[in-house]
Amino acid sequence: MVFVQRDGVESRKLTHSNDMCVACGICTDCCPTDSLSLNDVLAIRRGKADGDYLRIDDETCVLCGLCASSCAFGALTFEIDGKDTKELANYPNWTHDSNIDEDLCELCGRCHEVCPQDTIFYKRILPERSALLKGEISIDEDKCIYCQVCAEMCPAEAISLEASNGKLLDSISVDEDKCVYCLVCKRSCPQEAIKAVCSGCMYSDTFEKAEITGDIFIGSECINCGWCEEVCPVDAAKVTKPFEGALTVADDIDCVGCASCVDICACESVKLVDNVSNFDANTCMLCGACAKVCPTERINVNRTSMKLENVASASWKAAFDKILN
């Protein structure tokens with residue numbers, strides 16, 4: 001974390017959180033005093049160097065806060081007298097967002113699995129097995145020869161045998177919390193010692209549907225990449241990205257297959273296919289980090305609009321226009 005702070009008539013503090021930063025460099029493009037610059041972000045991302053992605057020159061920074069307002073990913077925080085300007089009415093605010101409709105969500109966990117920032121969390125509470133299964137099972141130990149066939153065949157591992165003297169098996173039991181009443185044990189028993197019936201199979205239509213409950217939420221590290229919306233099978237996840245536009249590659253410049261774009265992409269939207277970078281437009285958030293590290297300059301990020309509102313100052317608007325193409 002790096003920060004600049006000055007106290008006077010009012011206290012101003014600019015803080016950079018590397019955990020939230022995507023190394024896009026948008027803040028450096030907007031800075032009116034050229035006080036912000038990127039370090040070797042690729043080396044840091046690859047674990048070959050330590051430090052923050054961003055460098056702030058505290059000698060030239062005037063603590064205007066424009067960089068913090070330009071950051072769509074919450075990596076820069078600007079405070080005046082201890083108050084975050086994101087919460088002040090006279091400062092710009094971003095309106096992009098990601099949310100999951102809990103009424104539609106089936107708690108399948110697919111969004112959790114693909115989230116590149118590991119910021120989607122869910123808890124699923126399954127119903128009791130007894131709510132779905134009904135049946136009866138018993139073993140006649142006068143007939144049982146303790147051959148273990150039923151235990152080996154049981155798909156639910158519900159049958160266990162024990163030896164009271166430590167050598168020969170002489171007792172058998174069924175864990176009815178595990179038993180699914182599939183009748184495999186009954187059909188495989190050579191002595192016909194097992195009696196079992198699955199009443200749930202016969203009367204399943206009369207059972208109430210078991211309810212799966214739980215919770216799901218998206219953490220503050222979300223970068224609105226769109227992966228959750230892309231994989232959600234029930235359309236419960238909706239993402240409004242910070243930018244609109246398109247990413248293109250120059251046809252007359254060959255990819256050298258260095259994987260710089262792959263390694264820097266916080267969205268995991270880039271893959272090398274036959275040693276050529278391929279970009280997934282559905283999960284790209286147009287941050288431009290890939291374009292900044294590409295050694296051949298074949299990647300072009302064209303932003304046509306952004307979800308930034310309440311820009312009252314003409315000079316700030318001119319600075320923000322540098323983000324667009």
For C267 and T283, the nearest pair of non-hydrogen atoms, with its separation, is CB-O, 3.5 Å

Listed partners of T95 passing side-chain hydrogen bond (donor to acceptor under 3.5 Å, both in side chains), at least two apart: none

Nearest heavy-atom approach of C261 to V293 is N-CG2, 4.3 Å

Contact list for residues 41-68, test ring pair (Phe, Tyr, Trp, His ring centres under 6.0 Å), sequence neighbours left out: none

What closest approach, in Å, do E102 and I216 show between heavy atoms, and which atom pair accounts for it? OE2-O, 3.5 Å

Listed partners of R55 passing salt bridge (Lys or Arg N to Asp or Glu O under 4.0 Å), at least two apart: none

Find out if a path of hydrophobic residues (ILVMFWY) with successive side-chain heavy-atom gaps under 4.5 Å connects L324 to W316. yes

Verdict with supporting geometry, I159 and I172, side chain to side chain contact (heavy atoms under 4.5 Å, CB included): CA-CA 7 Å; I159 302 176; I172 186 169; 3.9 Å; yes

Treat each ILVMFWY residue as a node, draw an edge where side-chain heavy atoms are under 4.5 Å apart, and state whether V239 and I100 are in one component. no

Compare every heavy atom of C27 with every heavy atom of L76, then report the nearest pair and how far apart it is. CD1-CB, 3.7 Å

Keeping to residues at least two apart or across chains, list the salt bridge (Lys or Arg N to Asp or Glu O under 4.0 Å) pairs with something in residues 14-37. D29-K292

K143: salt bridge (Lys or Arg N to Asp or Glu O under 4.0 Å) partners, not counting sequence neighbours: none

Could you pull out the closest heavy-atom pair between Y181 and V197, with the gap in Å? CD2-O, 4.0 Å

Look only at the side chain of S35 and the backbone of T60, and say whether a donor-acceptor pair between them is shorter than 3.5 Å. yes

Could you tell me whether a side-chain N or O of R298 sits under 3.5 Å from a main-chain N or O of A250, the two making a donor and an acceptor? no

Are any side-chain N or O atoms of S69 and backbone N or O atoms of L66, one a donor and one an acceptor, separated by less than 3.5 Å? no

How many angstroms lie between atom SG of C105 and atom CG of N99, to the nearest 0.5 angstrom? 11.5 Å

Sequence neighbours left out, what pairs pass salt bridge (Lys or Arg N to Asp or Glu O under 4.0 Å) with at least one residue falling in residues 243-254? E244-K307

Ring centre gap for F73 and W94 strictly below 6.0 Å: no

Suppose we screen for side-chain contact (heavy atoms from CB on, under 4.5 Å). Which residues come up paired with E297, at least two apart in sequence or across chains? none

Step-by-step side chain to side chain contact (heavy atoms under 4.5 Å, CB included) determination, L183 to I194: CA-CA 9 Å; L183 310 187; I194 301 175; over 6 Å; no

Could you verify whether a donor N or O on one side chain and an acceptor N or O on the other, from S98 and N224, lie under 3.5 Å apart? yes

Are I299 and V41 co-members of a hydrophobic cluster defined by side-chain heavy atoms under 4.5 Å apart? yes

Minimum heavy-atom separation for C111 to C228, with atom names? CB-CB, 3.7 Å

If you link ILVMFWY side chains whenever their heavy atoms are less than 4.5 Å apart, which other residues fall into the same cluster as V62? By chain and number, please. none

Under 3.5 Å, is there a donor-acceptor pair between the S160 and S173 side chains? yes

Quick one, S164 with D170, criterion side-chain hydrogen bond (donor to acceptor under 3.5 Å, both in side chains). Give me CA distance, side-chain angles, the key distance, then yes/no. CA-CA 7 Å; S164 59; D170 56 9; 2.3 Å; yes

Hey, what do you get for CG (N18) to CG (D52), rounding to the nearest 0.5 Å? 4.0 Å

Check whether any side-chain N or O of N310 sits under 3.5 Å from a backbone N or O of Y91 as a donor-acceptor pair, and report yes or no. yes

Rounded to the nearest 0.5 Å, what's the gap from CD1 on I125 to CD on E211? Could you check? 10.0 Å

Test of understanding: with salt bridge (Lys or Arg N to Asp or Glu O under 4.0 Å), list the residues that count as partners of D40, not counting sequence neighbours. none

With no hydrogens and no angle check, just 3.5 Å: does a side-chain donor-acceptor pair link D81 and S11? no

Measure the CZ-CD distance between R187 and E192 for me, rounded to the nearest 0.5 Å. 13.5 Å

Under the salt bridge (Lys or Arg N to Asp or Glu O under 4.0 Å) test, which residues partner E10, sequence neighbours left out? R12

pair D97-C222: side-chain heavy atoms closer than 4.5 Å: no

Hydrophobic cluster identity match, V311 and F78, side-chain contacts under 4.5 Å: yes

Please write out which residues are connected to V234 in a hydrophobic cluster, directly or through intermediates, given that two of Ile, Leu, Val, Met, Phe, Trp, Tyr count as joined at side-chain heavy-atom separations below 4.5 angstrom. none

The complete set of salt bridge (Lys or Arg N to Asp or Glu O under 4.0 Å) pairs with one or both residues in residues 261-279, sequence neighbours excluded, reads R46-D263

Atom pair CD1 (I80) and NZ (K13), whose distance is rounded to the nearest 0.5 Å: 14.0 Å

Measure the spacing between CD1 of I26 and NZ of K322 and express it to the nearest 0.5 Å. 13.5 Å

Are V149 and I139 in one and the same hydrophobic cluster, where Ile, Leu, Val, Met, Phe, Trp and Tyr link if side-chain heavy atoms are under 4.5 Å apart? no

